[in-house]
Each structure stands twice: as structure tokens, then as C-alpha cells.
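Structure, as C-alpha cells:
Basis for what follows: all heavy atoms, side chains included, without hydrogens, waters or symmetry-related copies. A, B, ... follow the sequence lines: proteins, then strands. Residue 1 opens every chain.
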Amino acid sequence: MDGFTNAFPRRGKAFCFAVAVGFPALTRLLARRIRPRFALVTVGVALFSIFLHGCGGPVDRADVVIINGGEPETLDPAIVTVQADLRLVRALFEGLVRLNVKAEPEPGLAHRWDISPDGLRYTFYLRSNLVWSTGEPITSADVLYSWRRVLNPMTAADYAGQLYFVRNGREYNIGKLTNPDEVGIQALDPLTIQVDLVAPTPFFLSLCTFPTLAIVPQKAIERHRDRWTIAKPLPVSGAYQLDFWRLQDRIRMRKNPLYWDAAATRSEVVDFLSMDSANTALNLYKTGEADILWDKTLVPSEVIDVLINDKDCHRFSYLGTFFLRINVTRPPFDRPLVRRALALAVDRRRIVERLTRGGELPAHHFTPAGIPGYQPPDGLKHNPEAARAALEQAGFPGGRNFPVLNYLLTNPRIEQQIGVELQAMWQEVLGIQVQLRQNEMKVYQSAQTALDYDVSRSSWIGDYNDPNTFLELFTSENGNNRTGWKNPRYDELIGQANRQIDPVKRAALLREAETLLVEEEFPIIPVYFYAGLNFFDGTKIEGVYTNVVDEHPIQAIWKRK
Amino acid sequence: MYYLKRILFMIPLVLIVSFLAFVFVRSLPGGPFDKERQPASPEIKRNLRAKYHLDDPKWKQYALYLGGLIRGDFGPSMKYRDHSVNDIIKQGLPVSMTLGLLAFCFAQAIGVPLGFYTAVRRGHWQEWLGSFIAIVLVSVPALVVAPLLVMVFGIKLGMLPVALWDSPKHVILPTAALGLYFSGRVARLMREGMLSTLKEPFVMTAQAKGLSHSAVLLKHAFRLGVLPVVSYSGPMLADLLVGSFVVENVFRIPGIGVSFVNSFLNRDYTMLGGLVVIYAVFLLLLNLVVDFLYTVLDPRVRYT
């Protein structure tokens with residue numbers, strides 16, 4: 001509470017006071033009629049104190065108000081995983097490398113770096129003028145602490161895997177090593193950090209922009225433990241500091257004047273509204289209470305075909321894929337021919353044109369197009385004839401004797417519509433009976449993890465602009481595989497690719513791996529690539545540039561008066 | 001003495017409720033750390049579960065929860081990992097209570113006069129109109145009323161904000177959306193209570209004494225006629241004070257009504273454990289208050 005009660009001007013309190021005085025007066029009046037006035041007055045006074053406490057009072061409007069997504073789960077860079085939350089964390093905590101407005105890596109806290117010829121050793125040089133928002137200097141010891149903290153099993157960081165590319169990172173995280181000094185991160189002097197990698201990781205600089213690898217304040221964390229992000233003052237390394245965090249309402253950020261690039265920060269105060277209801281989000285945007293709406297899940301899907309023609313709507317292709325997982329451990333889905341038949345029978349165009357309608361593109365491969373230096377394989381186009389032939393070859397001519405297919409899905413309406421559409425397609429083309437099993441989110445997730453399904457709706461959003469963020473999913477040991485599909489050849493190809501320094505050769509290896517996924521083995525069926533939508537008035541809001549990862553440095557955004 | 005006994009009796013009740021909440025939510029499929037995006041290695045998930053004691057034996061987890069309950073500390077939220085459950089309740093409960101209280105006053109202010117009036121004007125056209133309004137209010141849920149109010153007053157007329165909880169102006173629409181249904185219920189109860197009271201012999205006695213019509217109605221009949229409303233007010237207030245999922249969701253109000261549903265969907269065990277206990281305590285306490293008010297209003301009722 002302490003954070004925001006002070007932020008309210010007096011007018012709201014005055015109102016609360018008036019009502020609160022009026023209420024006991026009213027109860028008094030009643031009490032005269034009904035005898036023991038004492039009791040009622042007491043109740044009135046008790047309620048009055050509640051009222052004063054809960055009555056907010058007006059908040060000044062921020063320079064820019066952004067509808068960002070759901071209530072942030074956390075602002076701790078080591079723990080954060082949700083994209084909307086990641087945007088907030090990026091504004092507060094910076095890494096050695098940061099994203100520019102086009103979401104490309106550029107120097108952040110480190111002003112330059114050297115990479116050894118074999119690609120295994122990175123040496124980062126910190127800027128000499130770095131300080132926390134509380135004034136203490138930021139040094140290489142902070143970097144060391146931050147990265148080790150992510151890997152420390154006690155932190156229980158979901159995204160610790162982002163540092164498995166560092167030598168001994170994995171071993172320390174899973175408890176094989178207990179001495180953090182053996183992890184391949186060293187501070188050579190107060191401004192120099194040396195990082196040793198397991199393999200030349202061509203996307204390592206992109207990883208360094210990811211909030212998991214951001215620099216966090218050791219002293220504050222040690223003092224306040226798990227609740228350090230809500231303690232005051234919160235030392236930050238990024239362009240903004242946390243002004244207040246009102247749960248189920250908003251996060252307000254204020255410019256960090258001590259940030260190394262503070263001169264480039266355009267807006268003083270920025271509000272991030274958290275929101276669950278798409279209709280409410282749209283109402284707030286349309287009535288001008290918010291300047292930017294950039295979370296796709298907060299655009300009402302019922303009216304999306306109207307909204308995408310709005311002049312405020314900025315569309316772009318997004319680094320995310322909607323696809324189907326197939327449980328390859330369950331007969332008859334253990335046979336690639338059966339999976340091939342299922343894949344060939346799916347008419348993606350019907351789904352994007354009739355159902356999603358937000359400008360999504362049909363997907364025949366898993367990695368979205370447009371990742372620089374990578375050309376995904378073509379995959380298989382919709383072909384009912386070939387689908388029937390494949391199923392017949394597998395021993396189920398016309399779908400005879402084929403067991404009922406169990407399709408796992410979750411609640412949102414669009415998911416149901418897609419399920420019904422797939423049901424119809426497989427029935428029409430292959431003669432297969434499909435049972436839709438709609439489950440609440442958590443039940444769906446645990447069923448998928450337990451391989452308790454035949455085919456399951458799935459989605460994946462890339463963490464960085466490289467095919468690896470998609471393709472590593474289906475290596476045998478990856479926690480996100482969840483198809484039961486294990487292919488030594490695939491693991492080998494991904495491994496080789498990530499040891500390869502030559503980008504052309506690497507792309508070829510990755511392409512070969514993806515070909516296994518979408519043209520030969522089919523543990524998954526790609527359906528469509530997500531389309532990104534940002535709503536803002538281009539004549540008023542400056543500094544938002546659409547890009548495939550949908551990341552927008554907050555410090556570049558401002559509103560014309 | 002009677003009330004002390006009642007309060008002491010609440011303790012085992014709360015314990016039973018907390019135990020049931022503990023058992024039920026954990027027997028559901030899926031846990032707080034099942035996500036679309038699983039950690040890269042199973043060890044990470046094990047670390048997470050270990051941190052929140054989810055791999056301890058069930059009795060140990062329950063003991064931990066019970067210990068927290070006694071100390072009034074429900075532990076960290078498993079979904080909103082930066083906050084403790086106490087933090088979240090401390091921020092959300094006053095907001096929900098404020099809104100609930102306003103809606104309660106709103107419902108009484110509309111429902112009691114409406115019910116009273118329709119009972120008194122029995123057989124006139126006012127009775128039909130009043131009863132019709134009450135039935136409409138009861139049958140249209142907040143899920144419909146709230147967006148309707150937003151559309152008319154927020155968007156078409158532009159008089160009131162469509163959502164958020166920033167200023168007194170923001171309070172009006174949610175209060176109405178939340179209170180209208182209850183005002184219908186109150187009106188109907190008030191009407192029933194008045195109608196049956198007016199048949200009582202003491203009303204005739206009062207009239208025979210030569211008291212004025214309004215004095216009979218307000219001083220004598222009202223006191224008994226309002227009893228059904230009073231007994232309904234306890235659970236109604238408990239219901240309103242802990243927030244409403246629909247209204248808080250539509251107007252994006254930072255209360256705990258939203259948390260109630262979400263903590264269940266998120267399998268946020270600790271959060272749900274805390275909220276269930278809070279709700280149980282509210283319900284029990286307010287029932288006690290209602291019983292107390294009975295003795296005040298109806299001279300025939302005495303507890304010993």
C-alpha cells in the first residue's frame with residue numbers, strides 16, 4: 001500500500017470523507033427509529049474506516065498509457081517468462097546487450113565486446129559510467145552475481161535454460177556442480193567480463209538481450225529475498241524505475257535519470273495497465289483512456305475482421321506458430337504414415353480465412369518465415385488425395401478400423417472453432433472420427449505433459465530471432481517436446497548446427513532438421529503463423545515500430561501533445 | 001456468553017473449511033507450475049516444486065499451511081511470485097469491500113423503499129409496476145447489466161469512465177452493476193415481509209388504538225416486515241464484501257473477486273487457501289451480526 005496511497009491527490013480523499021461522514025449520519029437517523037443506536041453507529045464507524053482505506057482517488061494521467069497484458073506474474077528478471085511481463089522487465093533492468101527499436105541487438109550496459117575466432121569466448125567491456133538508480137556503481141561483480149543467481153537451483157528460474165549455453169551452466173543448475181566459480185563466467189576486472197560457452201552459439205548476443213540475463217541488484221535481493229521487486233527503493237539498471245505497482249490495475253514507471261542513456265528517454269511517466277478482458281481493453285482504448293494496445297490476446301476475436309481495417313491498427317508478421325502436437329507413443333499415431341495423412345488433410349487456408357481472420361498466414365513449416373539468413377523447408381501442402389492414399393497405405397483405407405481420435409484443446413472460443421474445423425476436415429477427408437476434449441488451461445497443460453492425448457492444440461512464441469528458439473523444442477530431452485518423439489538424427493543435426501560457426505552451413509543443418517519435422521516424421525502439424533497487432537494512433541504516438549518479436553523499447557515511445 | 005460461544009465455535013468451522021479447500025484444490029489435475037512453456041530441463045521444475053514444498057508429503061504441506069493460518073501468514077503466491085498472499089489480500093480486499101459496501105447501500109436504498117411501497121399499494125397499479133421492476137432486476141445478471149451500463153453511460157453518452165478505479169466517478173457504474181440485482185432481491189423480500197406482517201393481529205390493534213396509518217406502517221409493521229431483508233443481508237453483505245468476479249473483471253477493479261476465480265484457474269494453492277478462509281470468516285461473522293440484529297428488531301427473539 002505504501003507505494004501509492006501518497007500518489008493520490010486530495011480531491012478523492014475529500015469525496016471519500018464526505019460519503020463516510022454521511023453514512024454514519026444516516027445510520028444515526030435509522031438508529032433513532034430502531035433502538036440501540038450505539039450498535040449501528042459502531043458498525044457505521046467500522047465501515048467508514050474500510051471505506052477510507054479502499055477509496056482510491058484520482059491518479060494523474062501518465063504521459064503514455066499502454067494496455068500491456070494480464071497482471072504481471074513477476075518483475076524478477078530471473079523468473080519472468082510471459083511476454084507482456086518481459087516488456088516491463090526490459091524497461092527496468094538492462095543486460096549487457098539491449099534491443100533497439102527494430103528489436104535488433106545493440107550495446108547496452110556493455111559498450112563493446114570481443115568474440116574469439118572459434119566463437120567460444122566472449123569478452124564484454126562495461127561502460128564506465130554505469131550506476132544503479134540508487135547511485136551505487138554497476139560493475140562486473142553485479143553481472144557475475146546476476147547470471148549465477150539465474151543458475152542457482154534455489155532461485156528456481158524457469159528460464160535458467162537460457163544460460164545452459166555457458167560452460168557448466170547446466171551442470172550447476174541441475175546440481176551436478178555446487179561451486180558457482182566453475183561456471184564459465186569470470187570478472188577479469190571491475191569493467192570486464194569473460195564468458196566461455198559450451199559451443200559457438202551464434203545467437204548468444206540475442207540471448208544477452210533477454211531479461212533472464214539482465215543485471216539485478218545484489219544487495220536489495222539479499223535483503224528482501226523473494227519480495228525484493230516490491231521493496232522500496234528498488235535499484236534498477238534500465239531506463240525506467242518502478243513508481244508503483246497496483247495489483248490487477250497498473251504498473252507506473254518513471255524515468256530513471258541515472259540511466260546511462262537517460263538523455264534518449266522520451267517520456268517521463270508511463271502507465272502499463274494490466275487487463276484480463278478484451279472488451280474492457282478495447283473500451284479503454286476507444287475512449288482514449290489508453291494510448292496503445294499491443295497485446296494480441298486483448299483484442300476481441302469476435303470483431304477482429306473489423307478492427308484490422310481500423311486506421312490505428314498496425315499489422316505485422318509475428319514470431320509465433322500455432323501447431324498441433326501428435327502423441328507418437330500411442331498407436332496408430334506411432335506410424336509416420338498416419339501422421340502424414342493427418343497433416344495432408346488439414347486445410348490451413350480454411351482456418352485462417354474463416355476463423356482467425358486477423359491476417360494470419362497458413363503454416364506448412366514450423367519456423368516462421370523472415371528469420372534473417374534462414375530459409376525453412378516448404379513442408380506439405382493441403383492434399384486430400386495424398387492424405388487418403390497415405391492412410392490407406394498405413395492400413396486404414398477410408399478410415400476403417402481407425403480408433404476415435406482424441407483432440408485436446410482449451411477454453412478460448414477460437415480454439416473451439418479450430419477444433420470443430422479440424423474435426424470436420426479429418427472426418428471428410430480421412431473418415432476418421434474425432435472426439436474434442438476441451439479442458440481448462442491447467443488440465444490441458446498437465447494432460448499434454450503426461451502425453452494423455454492423441455493430437456493436441458499447441459503454440460510457440462520465439463524468444464529470440466533465430467530458428468533455434470523453435471527447433472530445439474523437439475530434441476529428445478527438451479521439456480517442451482511433449483510429443484514423445486525422439487530422433488537421434490534430429491538431435492545430432494541441432495547439435496551440429498549449434499557448433500557450426502559458418503552461418504550458411506549452420507542454416508543448412510537447421511533446415512535439414514526442420515525437414516525431418518514437417519516433411520518426413522510429423523510429430524507436429526504446423527497450422528498458421530500468428531499475426532501481430534498493435535493499436536495506436538500513428539499521428540500521435542511516436543517511437544513504436546512493428547517487428548517480428550513485438551518488442552518495443554519503452555524509452556523511445558512518446559506522445560505528441 | 002451466547003455470542004462468545006458462537007465465536008469459539010467458529011474456530012473448528014474455519015478449520016474444516018480450510019481443510020476441505022486444501023484437499024479439493026490439490027486433488028484437481030494440473031498444478032501451479034504446469035505451463036504452456038515448460039522449463040528446458042526437468043531439474044528446473046523440480047527446483048521450483050521444492051521451493052514451494054510441493055514435493056513434501058501432503059500432511060507436511062497441510063501442517064505448513066495450518067501453521068501459516070495460525071500466524072495469519074498464508075505464504076507466497078505461487079502465481080504472482082513477487083507477492084505474498086497477504087500482500088495481495090491487503091491490496092485487494094479494501095477495494096472489494098468498498099465496492100461491496102456501496103453496492104450494499106445501493107441495493108438497500110432501492111430495494112427497501114420499492115418493496116415497502118409495492119406492499120402498501122397492494123392491488124393498485126403501482127404494485128404491478130414495482131413488482132415488475134423487481135423481477136426484471138432479479139432476472140438480469142451482472143454479466144448483462146455491466147456491459148449494458150458501460151455501453152450507455154460510458155460509450156454512447158460519454159458521461160462516465162468505462163473502467164478502472166481512479167476517482168469517485170469511476171465508482172458509480174460498478175456500484176450500480178453490482179447492486180441492481182441485489183436491490184431486486186431485497187425489494188421482493190421486503191414486500192413479502194410487509195405483506196405477511198400487515199396480516200398480523202398487532203397491526204389491527206395498533207390501528208384500533210387510533211394511530212395514524214403511516215405511524216402504524218413505519219413504527220410497527222416495518223420492524224417486523226424488514227426481518228427477511230435483515231436475515232438475507234448477512235450472506236448478501238458477505239457475498240458483496242469479498243468482491244464479484246464479473247463486475248471486477250468488466251470494470252477492471254483491483255479487488256479480490258477476480259483473484260478468487262483466477263487463483264483457482266491458476267492452481268495458486270496458497271492464494272486460494274487464504275481467500276477461502278477470509279470468505280468463511282466473513283460469512284460466519286456476518287451471520288452472527290444478523291442474529292444479533294434479530295434480537296434488536298424482534299422483541300420475541302432472545303438467545304441465552
Side-chain angles (χ1 to χ4, degrees), chain A residues 1 12 15 23 34-36 39 47 50-51 53-59 71 73-76 79 81 153-154 156-161 164 170 173-175 226-227 229-230 246-249 275-277 279-280 283-284 286-287 289 440-443 445-447 449 459 477-480 482, chain B residues 28-31 34-45 47-48 50-51 76 79-84 87-88 90-92 94-99 101 105 147 150 154-155 158 161-168 218 223 249-255 258-259 265-267 292 296-297:
Chain A
M1 285 295 288
F15 168 80
F23 190 69
I34 308 163
R35 239 177 327 105
L47 295 179
I50 295 168
F51 194 86
H53 198 55
C55 213
V59 181
E71 171 66 26
E73 291 178 11
T74 174
L75 292 180
D76 185 334
I79 293 172
T81 57
M154 294 301 291
D158 276 45
Y159 264 15
Y164 283 8
R170 183 190 175 92
N173 184 239
I174 65 174
D226 285 346
R227 297 167 67 197
T229 57
I230 55 171
R246 184 146 64 137
L247 286 164
Q248 312 282 359
D249 182 55
M275 200 78 33
D276 290 329
S277 155
N279 292 321
T280 309
N283 286 343
L284 283 169
K286 285 288 177 191
T287 53
E289 299 270 328
E440 178 224 316
M441 202 63 184
K442 287 288 177 187
V443 181
Q445 285 157 353
S446 74
T449 307
S459 54
E477 299 307 321
N478 196 292
N480 287 307
R482 284 178 280 169
Chain B
L28 289 165
D34 284 320
K35 291 184 184 170
E36 183 72 37
R37 216 169 252 262
Q38 293 284 326
S41 78
E43 286 83 3
I44 298 177
K45 201 165 170 188
N47 292 342
L48 256 170
K51 183 168 172 147
K79 166 85 173 175
Y80 304 109
R81 284 170 63 184
D82 296 5
H83 304 270
S84 71
D87 289 339
I88 297 175
K90 227 188 281 168
Q91 276 201 32
V95 174
S96 286
M97 284 173 79
T98 306
L99 177 60
L101 198 61
C105 298
V150 170
I155 295 172
V162 292
L164 301 182
W165 188 252
D166 284 355
S167 72
L218 286 173
R223 271 179 70 174
N249 192 39
V250 169
F251 292 100
R252 194 50 182 174
I253 291 160
V258 186
S259 309
L265 291 177
N266 297 329
R267 303 287 189 275
F292 171 69
V296 173
L297 289 171

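- Side-chain contact between B:Val258 and A:Glu71: absent, with no pair of heavy atoms (C-beta onward) separated by less than 4.5 Å.
- Here the side chains of B:Ile155 and A:Lys286 are not in contact, with every heavy-atom distance at 4.5 Å or above.
- In this view, B:Arg37 and A:Asp463 satisfy the salt bridge (Lys or Arg N to Asp or Glu O under 4.0 Å) rule, not counting sequence neighbours.
- Here CG of B:Leu164 is found 8.5 Å from CZ of A:Arg246. Values are rounded to the nearest 0.5 Å.
- Side-chain contact between A:Val443 and B:Pro29 is present, with at least one heavy-atom pair separated by less than 4.5 Å.
- Across A:Lys442 and B:Leu265, no two heavy atoms sit closer than the pair CG-O, 3.1 Å.
- A donor-acceptor pair is defined here as one N or O able to donate and one able to accept, closer than 3.5 Å; such a pair exists between the side chain of A:Thr280 and the backbone of B:Val250.
- B:Lys35 places a side-chain heavy atom less than 4.5 Å from the side chain of A:Thr81.
- In this structure, B:Ile253 and A:Gln248 have side chains that are not in contact, with every pair of non-hydrogen atoms separated by 4.5 Å or more.
- A:Asn480 and B:Glu36 get closest at one heavy-atom pair: OD1-O, 3.6 Å.
- Separation of atoms NZ (B:Lys45) and CG (A:Asp158) is listed at 9.5 Å; rounding is to 0.5 Å.
- Contacts between A:Glu440 and chain B at a heavy-atom distance below 4.5 Å involve the side chain alone, from C-beta outward.
- At least one donor-acceptor pair closer than 3.5 Å links the side chain of B:Asp82 to the backbone N or O of A:Leu75.
- Here the side chains of A:Glu73 and B:Arg81 are not in contact, with every heavy-atom distance at 4.5 Å or above.
- Annotation: maximal heavy-atom pairing with chain B below 4.5 Å, among A:Arg170, A:Gln445, A:Met154, occurs at A:Gln445.
- Residues passing the salt bridge (Lys or Arg N to Asp or Glu O under 4.0 Å) test with A:Arg482, sequence neighbours excluded: none.
- Interface residue B:Ser84: backbone and side-chain heavy atoms are both found under 4.5 Å from chain A.
- For a residue to count as touching a neighbouring chain, one of its non-hydrogen atoms must lie under 4.5 Å from one of that chain's; by this rule A:Met275 touches chain B with backbone and side chain alike.
- Listed options A:Ser459, A:Gly161, A:Gly175 were ranked by heavy-atom pairs under 4.5 angstrom with chain B; first place goes to A:Ser459.
- When all heavy atoms are compared, the tightest approach of B:Arg252 to A:Asp249 is NH2-N, 4.2 Å.
- Smallest separation of non-hydrogen atoms from B:Gln38 and A:Thr449: NE2-OG1, 3.7 Å.
- Interface residue B:Lys51: only side-chain heavy atoms are found under 4.5 Å from chain A.
- Heavy-atom minimum distance, A:Ala157 versus B:Ile44: O-CG2, 3.0 Å.
- Between A:Thr287 and B:Gly154, the shortest heavy-atom distance links the atoms CG2-O, 4.4 Å.
- Contact count against chain B (heavy-atom pairs under 4.5 Å) is highest for A:Ile174 among A:Thr229, A:Ile174, A:Asn279, A:Asp76.
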